[in-house]
Protein chains: 2
Amino acid sequence: MATPRASKPNGKAQAAPQALYQRIRADLEEKILSGRWPPGYRIPFEHELVESYNCSRMTVNKVLSGLAAAGVIERKRRVGSFVAKPLVQSAVLHIPDIQAEIAKRGEAYAYELLSRKRRKATKDDLERLGIDKSCDVLVLSCRHIAKGRPFALEERLINLDVVPPASDIDFTRVPPGTWLLGHVPWNEAEHRITASLADDNALKALTLKKPAACLVVERRTWRKNKIITSVRVTYPNDLYQLTARFTPTGLRS
Amino acid sequence: MATPRASKPNGKAQAAPQALYQRIRADLEEKILSGRWPPGYRIPFEHELVESYNCSRMTVNKVLSGLAAAGVIERKRRVGSFVAKPLVQSAVLHIPDIQAEIAKRGEAYAYELLSRKRRKATKDDLERLGIDKSCDVLVLSCRHIAKGRPFALEERLINLDVVPPASDIDFTRVPPGTWLLGHVPWNEAEHRITASLADDNALKALTLKKPAACLVVERRTWRKNKIITSVRVTYPNDLYQLTARFTPTGLRS
DNA sequence: CCGCTGATTATGTATAGACATACGACGTCC
DNA sequence: GGACGTCGTATGTCTATACATAATCAGCGG
């Protein structure tokens, strides 16, 4: 009762310029990234770290849980925590919004609707949307222009069963991607990236000459197991590139 | 002493089939993904969640910190926590190891070293490795074959200043990527993805006919601010594609 | 020698209480 | 009225403790 409490209960909470658990984390990450603790290495037990950092177990537990969530280490009960093998296979891909990307480069941006059709889904449409029974779809084709030069051709399919209000929008001013992003919540997206020779349609829309390689990004966006929209964007090879960066300790900043 | 301890101090710790904080997190995520809590929405304060879930603040804090780390919400002191705008721009890109990818498809894999040269870095090499002063490099060219058909052309540059032992390896049996992965720790990688028309060199190595579009993946791998290796892999367009998936709540499983 | 059982132990989850810090709001003073 | 300081509040971090759980390992009986 009424324990007088000399002063502060911890003696460490506010000492450091930055949070203690962040310093510990940086410490451990350094050991792992430098290779001193190679993949498979068993890192010290929580109680050992508690001793060496002179803090409570909750604090080192927070650090280790974080590293585990980030995929840097793997933990096994009763056994210990181990440095994980870095997986080259995944990286954070940056897929910029077309309009934003062009704006960032400080170039003039223009958008053009080439065609807009509402129709009952064809067999091909149904496959792209991953559904069985027929429904209405909106088929759009449009063009993005940077510095007066065609920059991308966008061919889009919108599932009107999932997004009925889209049928009331004429997409002559607002690109469909922008509208959808602002009006429809989604919870998953999948991208497929391929290279292909431009077909006649693309050649014309992008004003390219005969043998032209293009980067094609196909994206499907889900909301609760239903595909909202499926879009294929074709970029002339010399105007666009994707970059992906990966840091094993991957923290969002 | 020997505090008898009526029973459990919390009344909730072990009640649920799964962890409480995971149920809370799933709960909040559901509200966000379903759109009921749209981007910008201020989610309940910690103390409100404490009340409604009848748990301690540490527990809801863990949930909210996790959501913030995952980029689902943003937190501001004294102000509150808000649903973040989903960023389409980033996704986890899966960049498979060539050999593993082919093996997964159950196809025969073969590897061929086309050329191997050690030389003083040229100006172009230095640029690819992002360094100023000259050094020795290993220049490799090799081919990956699936089902008897050329599947990828790999052109690689290895910085011998960073990886001296590489000069003793003849890469006739082991692909350089595999060897490097197993022997050199790295902490960052960058990928550039483009489409291009196959040049004569690529046409020959991949046995393609004249106008052929290829997907080109360039990867540079760092160790402590120094580039270990720079590699360019060229895939015939019809044999390869990259896929990337993104879930805003992105938890590694 | 095999298989079961119980002890041991590291991690997993949760609590209550404390103090730190940033920042908005509001009131004061010139 | 605008600059400035105080106060309240929500989040950020940390501690000490408690109990749960899973997996290993030693010991024991068959």
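Within every chain, numbering begins at 1; the chains are lettered A, B, ... in the order of the sequence lines, protein sequences first and strands thereafter.
- Checked against C:dA14, D:dT11, D:dC14, the side chain of A:M58 finds its nearest nucleotide in C:dA14.
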Between B:E188 and B:R219, does the salt bridge (Lys or Arg N to Asp or Glu O under 4.0 Å) criterion hold? Intermediate values first, please. CA-CA 10 Å; B:E188 190 148 8; B:R219 173 163 61 228; over 6 Å; no
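- Side-chain proximity of A:F45 to C:dT11, D:dC14, D:dA23: nearest is C:dT11.
- B:L64 has its CG atom 14 Å from the P atom of C:dA14, to the nearest Å.
- Within 4.0 Å of B:Q22, counting heavy atoms only, lie sugar-phosphate atoms of the nucleic acid but no base atom.
- One can place CD of B:E74 at 14 Å from P of D:dT11, the figure rounded to the nearest angstrom.
- Look at B:T59 and you won't find any side-chain N or O under 4.0 angstrom from OP1 or OP2 of C:dT13.
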Test log, rule side chain to side chain donor-acceptor pair (under 3.5 Å), inputs B:E154 and B:H144: CA-CA 8 Å; B:E154 173 178 343; B:H144 300 266; 2.6 Å; yes
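- Within 6.0 Å of CD in B:E48 there are more than 12 heavy atoms belonging to other residues, nucleotides or ligands.
- Between A:L49 atom CG and D:dC14 atom C1' there is a gap of 16 Å when expressed in whole angstrom units.
- In the set D:dA22, D:dT11, D:dT15, D:dA22 carries the atom at the smallest distance from any side-chain atom of A:R77.
- If you take OH of B:Y21 and P of D:dA20, they are 18 Å apart, rounded to a whole angstrom.
- Side chain A:R78 to base C:dT8: a donor-acceptor pair is found below 3.5 Å.
- By the 4.0 Å N-to-carboxylate-O rule, B:R36 lies close enough to B:E30 to be salt-bridged with it.
- Relative to the side chain of B:R57, the nucleotides D:dT15, C:dA14, C:dA18 differ in distance, and C:dA18 lies closest.
- Atom C1' of nucleotide D:dT13 and atom CD of B:E46 are separated by 11 Å, given to the nearest angstrom.
- Within 4.0 Å (heavy atoms only), B:S81 reaches sugar-phosphate atoms of the nucleic acid but no base atom.
- Residue order along DNA chain D, read from the 5' end via each residue's closest nucleotide, puts B:I43 first among B:I43 and A:K76.
- Residue A:N61 places its side chain closer to C:dG12 than to any other of C:dG12, C:dG24, D:dT15.
- B:E46 has a carboxylate O that lies under 4.0 Å from a charged side-chain N of B:R75, or vice versa, which qualifies the two as a salt bridge.
- In this structure, the NZ atom of A:K62 is 15 Å from the P atom of C:dA14, given to the nearest Å.
- Side-chain proximity of A:R75 to the nucleotides C:dG12, D:dA10, C:dT15 is greatest for C:dG12.
- Distances were taken from every side-chain heavy atom of B:H47 (C-beta onward) to each of C:dT15, D:dA10, C:dT13; the shortest belongs to D:dA10.
- D:dA16 atom P lies 9 Å from atom CG of A:N54, rounded to whole Å.
- Here the C1' atom of nucleotide C:dA20 and the CG atom of A:L20 are 14 Å apart, to the nearest Å.
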